[in-house]
**Q** 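Let me give you the structure first, and then I'll get to my questions.
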Protein chains: 2
Amino acid sequence: MTTPTAAPRAFAEKLGGAPHSKASLRLWLRLLSCSMIIERRVRARLEEEFETTLPRFDVLAALEREPDGLTMSQLSAALLVSNGNITGIVNRLIEELLVIRTAESEDKRIATVRLTRKGRETFQRMARKHEEWVDKMFAGVTDTQMEQLMKLLATVRHSIDENPV
Amino acid sequence: MTTPTAAPRAFAEKLGGAPHSKASLRLWLRLLSCSMIIERRVRARLEEEFETTLPRFDVLAALEREPDGLTMSQLSAALLVSNGNITGIVNRLIEELLVIRTAESEDKRIATVRLTRKGRETFQRMARKHEEWVDKMFAGVTDTQMEQLMKLLATVRHSIDENPV
DNA sequence: AGTCGAAAGTTGACACTTAAAATATTTCGC
DNA sequence: GCGAAATATTTTAAGTGTCAACTTTCGACT
C-alpha cells in the first residue's frame, strides 16, 4: 500500500523580474519543500506503523469529531476533496471495518458515515503517534519562532485570499 | 486533463499533550494549508492557460537548465520522485512534442531527455506566467515579512532534518 | 397527478504517485 | 571469456485525485 506525494514542485525559475518577484518564488519553493518533507514523513510513518494512508487518516480524523457521523458530501467538504474521491476512500475504510455507511435518514439519497468502535480505537492510536511525529519534527523550533511563523503564515494566507490569480 | 492535489491533511487532532506539541500541530496544519492553496492555484492556472500539469511543468523546468539533457534517473533525482513516475510524465511530454528521449550514449541502458525547441519556448511562456501568479499571491506580504519567513522556514527545515521520526 | 429541476452519490476515464517486479545492458570476478 | 552482481529503465498493481456523466431521490410547481 502506498500513497502519492507531490514532487518538489517548480524549483528555481531564475527568470528576470522585480526583486519582489524573485523573492516570492524563492519563498514559495521553500514553503513547499518544508511542507512536502513533513508530509512525506507522516505518510511514510502511517504506512509503516499502521499500514494506512494519509487520506484515510484524514477521513477518520474528520469522523472522530462527529459522533453522529457525516454524510459523503460533508466529508468531501471537510477535506476539500471531490465527492467521487471520498467514495473510494470510504469504501476502503469500510473494507477495513473502520467505518460504516448507512442510509438511515428519511431522505434516501443521503448516506451517513460513522466510525466503528474499531475505527475509533485505531484512530486514537494513530493520532497519538501523529502528534508525536509532528512534535518531534518541530523540536528544534522555539515557541517564539512558532508564534512568529503562525502570524506570518496568516499574513500569507490573507495575501493569497485577497489576490486571486 | 487534471491533476491531483493533497487534501487538507490531518486537521485538528486536539489530543492531550504539552503546549509545544499542540502548537506544533497547529503550525503544521497552517503550513500545509498555505502551501496547498498556492499549489492548487498554480495547478489550476497551468491547466487553464496551458492545458498542462504541475509535474510536467516541473520536468520542463528541470530540463530547461540542462542544454545537454538529463537521464531518466537524473530527472527522478532532481524532482525527488520515483523512477517509474518519470517514465509516464516524459512519455506524455514526448507525445506533446515538448521533449525528445534518445539513447545516444555508448551505454545503451541510458536514455537522455532534452527539450525540443517547442518545449523550450512553451516552458518559457509558462515560467513567466508562473512567476506572475506566485508574485501576485504574495503581493500582500512585505519584503521584510518574506525575509523573516525565509529564515524561520530554514529553521524548520533544519529541525526536520535533525529530528528524524 | 405528473413533470421538471436540483441534490446526493456513484462510476468512469485519465493523470500522478509509489514500491516492487521485470527487462536490458554493463561490469566485474575468476 | 563467462556468469553473477550492479545499473538504468519500464512495467505493474494499488491508491489518490479530478471532472463529467449518470442514477436515484426529493421537492416544487402546474
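Residue numbers start from 1 in every chain, and the chains themselves are labelled A, B, ... in the order their sequence lines are given, proteins ahead of strands. Just the heavy atoms: all of them, side chains too, but no hydrogens, waters or symmetry mates, feed the values below. Note that the coordinates shown come from a computational prediction; the quantities given were computed from them, not determined experimentally.
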**Q** B/E51 has an atom CD; how far is it from atom P of D/dC19, in whole Å?
**A** 15 Å
**Q** State which residue, out of B/L115, B/I89, B/L70, fulfils the side chain to side chain contact (heavy atoms under 4.5 Å, CB included) condition with B/V59.
**A** B/I89
**Q** Using the side-chain heavy atoms of A/S82, tell me which of these nucleotides is nearest: C/dT18, D/dT18, C/dC16.
**A** D/dT18
**Q** Between B/L80 (CG) and C/dA19 (C1'), how many Å, whole number?
**A** 17 Å
**Q** By the definition side chain to side chain contact (heavy atoms under 4.5 Å, CB included), identify the one residue from B/P55, B/S76, B/S73 that meets it with B/I86.
**A** B/S76
**Q** Quick one: do A/R125 and A/E121 make a salt bridge, cutoff under 4.0 Å?
**A** no
**Q** May I ask you to decide whether B/E48 forms a salt bridge with B/R45, counting only side-chain N to carboxylate O separations under 4.0 Å?
**A** yes
**Q** Let's see if you can work this out: which of D/dG17, D/dT10, C/dT17 has an atom nearest to the side-chain heavy atoms of B/M72?
**A** D/dT10
**Q** Atom CD1 of A/I110 and atom P of C/dA6: how far apart are they, to the nearest Å?
**A** 18 Å
**Q** Report which part of the nucleic acid A/S73 touches: base, sugar-phosphate, or nothing (heavy-atom distance under 4.0 Å, all strands).
**A** sugar-phosphate
**Q** Would you mind reading off the distance between A/N85 atom CG and C/dT17 atom C1', rounded to a whole angstrom?
**A** 14 Å
**Q** Taking CG from A/N83 and P from D/dC22, how many angstroms apart are they, rounded to a whole number?
**A** 17 Å
**Q** Could you state the interatomic distance from CD (A/E39) to CG (A/L32), rounded to the nearest 0.5 Å?
**A** 9.5 Å
**Q** Looking at D/dT16, I'd like to know if its phosphate oxygens (OP1 or OP2) sit under 4.0 Å from a side-chain N or O belonging to A/R92.
**A** yes
**Q** Look at all strands and tell whether A/I86 reaches a base, only sugar-phosphate, or nothing, counting heavy atoms closer than 4.0 Å.
**A** nothing
**Q** Output the single nucleotide from C/dA15, D/dT18, D/dG15 whose closest atom is nearest the side chain of A/V81.
**A** D/dT18
**Q** Considering just the side-chain nitrogens and oxygens of A/R101, establish if one lies under 4.0 Å of OP1 or OP2 belonging to C/dA8.
**A** no
**Q** Are there over 12 heavy-atom neighbours, none belonging to B/K136, within less than 6.0 Å of that residue's NZ?
**A** yes
**Q** Rounded to the nearest Å, what distance is computed from the CG atom of residue B/N91 to the C1' atom of nucleotide C/dC14?
**A** 15 Å
**Q** Would the distance check show the side chain of B/D135 and the main-chain N or O of B/E131 forming a donor-acceptor pair, the cut-off being under 3.5 Å?
**A** no
**Q** Does a side-chain N or O of B/R56 approach OP1 or OP2 of C/dC16 to a distance below 4.0 Å, or not?
**A** yes
**Q** Students often get this wrong, so: under 4.0 angstrom with heavy atoms, is A/G84 touching a base, only sugar-phosphate, or nothing?
**A** base
**Q** Between protein and nucleic acid, restricted to nucleotides 1-5 of chain C and to nitrogen or oxygen atoms under 3.5 Å apart, what atom pairs and distances do you find?
**A**
none

**Q** Rounded to whole angstroms, how far apart are CD on A/E47 and P on D/dA13?
**A** 19 Å
**Q** Under 4.0 Å between a side-chain N or O of B/T71 and OP1 or OP2 of D/dA8?
**A** no
**Q** Select one nucleotide: of D/dG15, C/dC16, D/dT10, the one nearest the side-chain heavy atoms of B/T87.
**A** D/dT10
**Q** Angle, rounded to 10°, between the helical axes spanning five pairs at each terminus of the helix from C/dA1-D/dT30 to C/dC30-D/dG1?
**A** 10°
**Q** Is there a donor-acceptor contact under 3.5 Å from the side chain of B/R101 to the main chain of B/A111?
**A** no
**Q** Over how many whole Å does the gap from B/Q74 atom CD to D/dT7 atom P extend?
**A** 15 Å
**Q** Taking N or O atoms only and anything under 3.5 Å, show me the protein contacts with nucleotides 26-29 of chain D, one pair per line.
**A**
{"residue": "D/dC26", "atom": "OP1", "partner": "A/E106", "partner atom": "O", "Å": "3.0"}
{"residue": "D/dC26", "atom": "OP1", "partner": "A/K108", "partner atom": "N", "Å": "2.8"}

**Q** May I ask you to decide if A/L31's main-chain N or O and B/S35's side chain share a donor-acceptor pair within less than 3.5 Å?
**A** no
